[in-house]
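The next block holds one structure in the form of structure tokens; read it before the comments.
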Amino acid sequence: MAEPSGQQQSYLGVAIAFFAIAVSMGLTMHNWTVALPFGVLAVVFFFLGRRPTPDEDDDGNSDGTS
């Protein structure tokens, strides 16, 4: 269930946006608890965007056999 490269880049773009919101909320409101949900979403979308695609695997088989 790997996404194409364009969708992974979209996940990274959303992660950057959520990170920017988290930092701006934390700095302007002086309350990092308000920024925490946005930071968590940024981390989740970052890891979704960094998952390897099947063509990045070095084993060569898509069915998992040797």
Side-chain angles (χ1 to χ4, degrees):
M1 256 177 92
E3 291 86 11
S5 178
Q7 189 172 4
Q8 287 183 332
Q9 288 180 349
S10 296
Y11 284 145
L12 291 176
V14 170
I16 292 169
F18 274 124
F19 179 74
I21 291 171
V23 169
S24 64
M25 295 282 263
L27 291 175
T28 57
M29 295 186 166
H30 303 290
N31 187 355
W32 288 99
T33 308
V34 174
L36 186 63
F38 296 103
V40 169
L41 285 172
V43 169
V44 168
F45 278 108
F46 176 77
F47 283 118
L48 283 174
R50 294 304 302 158
R51 285 191 297 179
T53 58
D55 59 343
E56 290 178 358
D57 293 338
D58 56 344
D59 60 0
N61 286 336
S62 61
D63 62 353
T65 60
S66 296

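All figures in this text were calculated on a predicted structure; none of them were measured in a lab. As a basis for the values below, the full set of heavy atoms in this structure was taken, side chains included, without hydrogen atoms, waters or symmetry mates.
- Under the 4.5 angstrom side-chain criterion for Ile, Leu, Val, Met, Phe, Trp and Tyr, Ile16 has no cluster partners at all.
- Put simply, Leu48 and Val43 are part of two different groups of oily side chains (I, L, V, M, F, W, Y) that touch within less than 4.5 Å, one to the next.
- Following chains of ILVMFWY side-chain contacts shorter than 4.5 Å, one cannot reach Val34 starting from Leu27, and the two form parts of different hydrophobic clusters.
- The side-chain hydrogen bond (donor to acceptor under 3.5 Å, both in side chains) analysis of residues 15-28, with sequence neighbours excluded, yields no pairs.
- Across all non-hydrogen atoms, the minimal contact from Trp32 to Val23 is CH2-O, 4.0 Å.
- Taking every heavy atom of both residues into account, Ala35 and Gly26 meet most closely at CB-N, 3.8 Å.
- Arg51 and Gln8 get closest at one heavy-atom pair: O-NE2, 2.6 Å.
- When each of Phe46, Phe19, Phe18 is paired with Leu41, the side-chain contact (heavy atoms from CB on, under 4.5 Å) condition holds for Phe18 and for no other.
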